Amino acid sequence: MASTLSFKDLPKQYDHAAAQQRWYPFWEEHGYFHSEPNPGRKPFTIVIPPPNVTGALHLGHALNNTLQDILIRMKRMQGFETLWVPGTDHAGIATQAVVERRLFTEEGKTRHDLGREGLVRRIWAWKDEYEARILSQLKQMGCSCDWQRTRFTLDPICARAVRHTFFSLFRQKLIYRGKRMVNWDTLLQTAVADDEVFHETVPGHFWYFLYPVIDPKPGEPKHVMIATTRPETMLGDTAVAVHPDPAAALERAEADLRARLEEAPEKEKAELQAELDDVRKRRETLLPQLMKLRDMARDGRMVMLPLVNRPIPLVADEWAKPELGTGCVKITPAHDPNDYEVGLRQKLPMINILNPDGTLNDHAGPYRGQTIMQARQNVVADLEKLGLMAKVEDRAIDLAHSDRSKTPIEPLLTDQWFVKMDHLAQMAMDAVTDGRVKIFPQRYAKGYLDWLSEKRDWPISRQLWWGHQIPIWYCKTASERELQAAFAGRSDVVWQADEQYGGWLICSQEADLAEDAVPGHKLVREEDVLDTWFSSALWPHSTLGWPEPTPELKYYYPTSVLITSRDIITLWVARMVLMGLQNVGQVPFHEVFVHPKILDAYGEGMSKSKGNGVDPVDVMEKFGADSLRFGLAYLTTETQDIRMPVDFECPHCGALIEQTKENRMLPRITCGHCGKDFATQWAEKPADKALPRGPVVSERFEMARNFCNKLWNASRFTLMNLEGYISGPVTDQELLVEDRWVLSRLATVTAQATELLDRYQYADAARVLYEFAWDEFCSFYVEMVKSRLQDAARRTTAQRVLAHTLDTLLRLLHPMIPFLTEEVWQLLGQIAPERGLEAPRAAAPSVIVAPWPQSDPARRDPHIETQFARFQEVLRAVREIRTRQNVPPRKRIEFSVLCDAATADLLRPMAAYFESMAGARAGALGPTVKRPALAANTTLPGMEIFVDLAGLIDVEAEIARKRDELSKLETRIAAQAKKLDNENFVRRAPAAVVQKERDALKALEEQSAGVRAALEELLRAQS
RNA sequence: GGGCGAUUAGUUCAGUUGGUCAGAACGCCUCGCUUACACCGAGGAGGUCGGCGGUUCGAGUCCGUCAUCGCCCACCA
């Protein structure tokens, strides 16, 4: 397919766009991504963490998916039956919010204008658009997903899994309905999730009110004082609490403070001391009264809630801390999460005083219809009139706001559905504790276990329209007998009594129930939908066809590894484990790899709202998919998040403009270089959108781009020099030093890369391959093989080893840089279709299915590697002398080496390479070499290198250099000697270490003697 | 408030079990268009490994503590 290319015409720069366009369709057409259960092979399976259809993928997704594809491609080459299941998540709240916002800004409509069906239709359209975009981004990145198995968390297959799961949990009484405080957005009239709430500190007040005690007896307080920042909520008070044992509580508080004071740093002491004094004072001033109140609470005494004149009980509850505030606390169960808990404990009524729009309802009596702020003012004023306001203080208040409407959040008690977690959570904990699921890096297991160990019930209902509607139907009026008659013989319908409101809760496993399913009675379906994570939790098995016992489920489940980011370990990973165990009876995956987060230049996470996100497509257009992938892999270490400063690239002149906190949200930016404007991702106005868009890129991918180009050119060189290639076995005798060396190194690198990738050490694997490819293959092997390629007699072997080495390197790099390696693989196949050393054979039709290289231990040759290292040292020394003596580049020089005979034997065969790689002719080598009269010299451990420069030498420079060298050596010798003089060291350190240090000292001394001799020689010559 | 992590050259990061580990890339300086590659080649300068204690014969490497930053979780009558 690339046969139109002639090797002579290959471009000097790797054309990533062309390669990507050429090979992705090629792979797809050949079905390389598709997998079917195959009993003859072991499966290797990954399910994608489904990206939200809220928007396009960002760099974090690019990282996540690159890491998955690297593993998938390696395992595929290793002969596993590899399946990577792709898909997307409907992301309930986020997606509905995005679409609603757009509906409002573009058409001025709210969801109520469209109605449930209309809105959901809109969201499906949005989903179709973004799903397509997301999948195409994944393809651009080269992801080798099995697209035939693409899933969506709201598609019929997933929906069926959700229904079956809900049904089964409901039947097992693991799902129940209860009350829960939600964050109510009074503007949008919807509940918002905790992570959609932001807190802002605003100036506010702390009011102290008096509630009259009903029929106080002599000696009893006439009032109870409480304090609040939200006076209007008193209208919903249903109790006043006091601690059941205020004396003990105060004592504990005091002891606790004393302990903290002892350990506290100086600057916090004053504050703690003040607190301590306050608590001590309370014993005198407050405790007697609290004791009385406590007794009154035990007697079931009441106080009168002012303004609405409702008697409410005094209750004894530990929530009322005697060391805080007035020691008494008003209880508003319907509008405060903690009070709700107290309400449950004390079996208090819960009075909701709010309408959905934030005005007060009938329970607020005279304040009905007022807004919260109006009611607050009026309540305060009225209490003041009654003389029941004791005092008011200024106080900074941390107020929750809705991220979406920017209005204050009101806590509101609502009906919600829950999953009981005690048993399920325990199962999920056990799976990690006993190693059925291993988490890498291991430290993340702690968060997982801590979170699950709280075993808090999982609230699964959401007041949304976009999602899996809860399959519960209410029937108020029917009798159980009527239900039994209506659903006779059906195992897919179960019901329970609705203990809260009476009637029945009916759950259907498959089909929706008709309104008249129970003759003579009306069924009403629950409006709420399920939490997105409910369907995501089923992802590993729902995508494989559960609840059907499909061949896929049997073969691919449990999946091999899950690759994800740390912020959803609890929300998602833990719930997948628990649901997998619950539904399938097996863990969903054997291993979890938690990868780093991508941060911006300020160390902050990238997010849409901060405007610091990066579109991987921008990076790919500039650097290519291979560079994106390699760059990301190179940055994936175990401990460090990825900090990525980014720049806008001016579309007019190409100048880079640093992205800062100031400019990252601007719709338009003026280039400081050419002065022209360009648009950013924030461009919304037509005038801005009409401008050319400036992509956001990072220089951090240049390293990878350069690497790809280097590899491309080494490949080009190889291809250009394979003319006349004839395949055939290569015997060991034919191999020269450089062949043995490169094959030895290749064997080592193969083993390392394989092992590192198996342990998710992507950065190290990338580094090992980078260094081998660039510093060894390109810088040495290719350079050294050049002369043989010009020599007909030696050409054939050189070609065979070269082709084989490149072939292996391509295979090792393919998972990280798939397009480039395929491009070269195909070209290589044209000129050298059969490759290999001992027994050459036809290369695979695509590198994607080529066998993963095996490290051949027999090729590892320490002797050759030592020899080569010596060669490299001498080469470097000679080159360094050339530079420091300013020898003109084309000027040939001659050098000699004073060394032992063995070293000389190692160096002698390398003579030709000193010529070609340093323009230097090797003269005398060995122990008898005499110091030339006027020479530049470098002293290395065990070797002294001389370059005879005759009249050219800059003696002054050499002398200065020698003196500098000598003083450095003497410092090191002194340090070394001191170490060895330390009796403790010699006595207590292991003998091997001591010996090593002695050897080091000796080597240093020898080296210094050489330098001194050379210096003397120079000084003599100078005078 | 609890937990986790980070702090190493101008920048972004590696440094496996404490004993040549003080490294890489980019940037910078000096040379060089040598027939694969200037997205290149050769050479070079740059760090008392956040501060302070401690363990040890020996500590970026282990312990404590402080400082700064980040993430997760919880909470704030």
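Just so it is clear, the structure is predicted and the values come from calculations on it, not from any experiment. To find a chain, count down the sequence lines: A is the first, B the second, and so on, and within it residues start at 1.
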Review point. If you measure from the P atom in B/U56 to the same atom in B/C73, how many Å do you get, rounded?
Key: 42 Å

**Study point:** Candidate nucleotides B/C37, B/A77, B/A14, ranked by approach to the side chain of A/Asn709 - the nearest
**Key:** B/C37

Practice item. In whole angstrom, give the distance that lies between atom CG of A/Asp237 and atom C1' of B/A77. Key: 10 Å

Check your understanding: Is A/Arg345 salt-bridged to A/Glu341, going by a charged N under 4.0 Å from an acidic O?
Key -> no

Point to revise | Base partner of B/A77, which must satisfy Watson-Crick or wobble distances under 3.5 Å | key: none

Study note, to complete from the structure: Between A/Lys321 and A/Tyr14, the residue closer to the 5' end of RNA chain B by nearest nucleotide is A/Tyr14

Study note, to complete from the structure: Of the listed B/U12, B/C37, B/A74, the closest approach to the A/Arg456 side chain comes from B/A74

Revision key, fill the gap. pair_partner(B/A14), Watson-Crick or wobble, both distances < 3.5 Å, evaluates to none

Practice item. Determine: side-chain N/O of A/Arg643 to OP1/OP2 of B/C13, distance under 4.0 Å, yes or no. Key: yes

Check your understanding: So does A/Lys710 get a side-chain nitrogen or oxygen closer than 4.0 Å to the phosphate oxygens (OP1/OP2) of B/G41?
Key -> yes

Revision key, fill the gap. Per nearest nucleotide of RNA chain B, the residue lying toward the 5' end, A/Gly327 or A/Leu875, is A/Leu875

Practice item. Using a 4.0 Å heavy-atom cut-off across all strands, classify A/Arg230 as base, sugar-phosphate, or nothing. Key: nothing

Practice item. When you get a sec, tell me which of B/U12, B/C57, B/A77 is the closest nucleotide to the side chain of A/Asn984? Key: B/C57

For nucleotides 19-26 of chain B, print each protein N/O atom paired with a nucleotide N/O atom at under 3.5 Å, atom names and distance only.
{"residue": "B/G19", "atom": "O2'", "partner": "A/Glu997", "partner atom": "OE2", "Å": "3.4"}

Point to revise | From A/Gln872 atom CD to A/Ser779 atom OG, the distance as rounded to the nearest 0.5 Å | key: 9.5 Å

Study note, to complete from the structure: A/Arg716 has its side chain closest, among B/A36, B/U12, B/A77, to B/A36

Review point. Using a cut-off of 4.0 Å on non-hydrogen atoms, how would the nucleic acid contact of A/Thr229 be classed: base, sugar-phosphate, or nothing?
Key: sugar-phosphate

**Study point:** Flag if over 12 foreign heavy atoms under 6.0 Å of CD, A/Glu723
**Key:** no

Practice item. Could you work out which one of B/A14, B/C13, B/G3 sits closest to the side chain of A/Lys446? Key: B/G3

Review point. Rounded to whole angstrom units, what separation is found between the CG atom of A/Asp641 and the P atom of B/C13?
Key: 9 Å

Review point. Hey, does the side chain of A/Thr228 come within less than 4.0 Å of B/A77's phosphate (OP1/OP2), counting only N and O?
Key: no

Check your understanding: Atom CG of A/Leu452 and atom P of B/C73: how far apart are they, to the nearest Å?
Key -> 14 Å

**Study point:** Closest to side chain of A/Arg443, choosing from B/G5, B/A36, B/A77
**Key:** B/G5

Review point. A/Val329 has a side chain; which of B/A77, B/U12, B/A36 sits nearest to it?
Key: B/A77

Practice item. With P as the reference atom in both, quote the distance from B/C4 to B/U65 in angstrom, rounded to an integer. Key: 12 Å

Check your understanding: Under the rule syn = chi within 90° of 0, otherwise anti, which is B/G44?
Key -> anti

Check your understanding: Using the C1' atom in both, what is the distance from B/A59 to B/C49, to the nearest Å?
Key -> 11 Å

Point to revise | Distance between C1' atoms of B/C40 and B/A25 (Å, rounded) | key: 16 Å

Exercise for review: Kindly compute the distance separating CE (A/Met620) from NE2 (A/His16), expressed to the nearest 0.5 Å.
Suggested key: 10.0 Å

Practice item. Just call it for A/Cys778: base, sugar-phosphate, or nothing, with non-hydrogen atoms closer than 4.0 Å on any strand. Key: base

Practice item. Find the partner of B/U56: check Watson-Crick (N1-N3 plus N6-O4 or O6-N4) and G-U wobble (N1-O2, O6-N3) distances, both under 3.5 Å, and reply none if neither fits. Key: none

Point to revise | Rounded P spacing from B/G1 to B/G15 in Å | key: 32 Å

Review point. Across the strands shown, which category fits A/Arg987 at heavy-atom distances under 4.0 angstrom: base, sugar-phosphate, nothing?
Key: nothing

Review point. Taking a pair as Watson-Crick or G-U wobble with both distances under 3.5 Å, which nucleotide is matched to B/U30?
Key: B/A42

Point to revise | Atom-pair distance (CG on A/Asp450; P on B/G1), nearest Å | key: 19 Å

Point to revise | Identity of whatever pairs with B/C4 - Watson-Crick or G-U, under 3.5 angstrom | key: B/G70

Practice item. Kindly check if the number of other-residue, nucleotide or ligand heavy atoms within 6.0 Å of CZ (A/Arg987) is above 12? Key: yes

Check your understanding: For the pair made of CG in A/Asp647 and C1' in B/U12, what is the distance, rounded to whole Å?
Key -> 13 Å

Review point. What's the closest nucleotide to the A/Lys597 side chain, out of B/G44, B/A36, B/C71?
Key: B/C71

**Study point:** NZ or CZ of A/Lys710 within 45° of A/Phe777 ring axis and under 6.0 Å
**Key:** no

**Study point:** Side-chain donor-acceptor contact under 3.5 Å, A/Thr233 with A/Lys330
**Key:** yes

Review point. Roughly how far, to the nearest 0.5 Å, is the OG1 atom of A/Thr938 from the CZ atom of A/Arg884?
Key: 4.0 Å

Review point. Cut-off 3.5 Å, side chains only: do A/Asp394 and A/His205 have a donor facing an acceptor?
Key: yes

Practice item. Look up atom CG in A/Asn709 and atom OH in A/Tyr14, then write down how far apart they are to the nearest 0.5 Å. Key: 10.0 Å

Practice item. Rounded to whole angstrom, note down the P distance from B/U20 over to B/C62. Key: 15 Å

Check your understanding: Between A/Phe717 (CZ) and B/C37 (P), how many Å, whole number?
Key -> 10 Å

Review point. Does A/Arg879 put a side-chain nitrogen or oxygen below 4.0 Å from OP1 or OP2 of B/C31?
Key: no

Exercise for review: Report yes or no: does A/Thr326 contribute a side-chain atom to a donor-acceptor pair with the main-chain N or O of A/Met225 at less than 3.5 Å?
Suggested key: yes

Review point. So which nucleotide from B/A42, B/A14, B/A77 ends up closest to the side chain of A/Thr883?
Key: B/A42

Check your understanding: Quick one: the side chain of A/Lys12 and the base of B/C37, do they pair up donor-acceptor inside 3.5 Å?
Key -> no

Exercise for review: With heavy atoms under 4.0 Å as the rule, sort A/Glu454 into base, sugar-phosphate or nothing.
Suggested key: nothing

Check your understanding: Which whole number of Å gives the distance between the C1' atom of B/G41 and that of B/U35?
Key -> 15 Å

Point to revise | Glycosidic conformation of B/G60, taking syn as within 90° of 0 and anti otherwise | key: syn

Study note, to complete from the structure: Whole-Å distance, A/Lys455 NZ to B/A74 P, equals 18 Å

Study note, to complete from the structure: Taken to the nearest whole Å, CD1/A/Ile598 to C1'/B/U12 is 13 Å

Review point. Reckon A/Arg890 touches a base, only the sugar-phosphate, or nothing at all at heavy-atom distances under 4.0 Å?
Key: sugar-phosphate

Check your understanding: So what does A/Thr637 hit on the nucleic acid, given a heavy-atom distance under 4.0 Å: a base, only sugar-phosphate, or nothing?
Key -> sugar-phosphate

Exercise for review: With rounding to the nearest 0.5 Å, note down the distance linking CG in A/Leu628 to CZ in A/Phe630.
Suggested key: 12.5 Å

Check your understanding: If we take the P atom in both B/G23 and B/U16, what is their distance in whole Å?
Key -> 15 Å

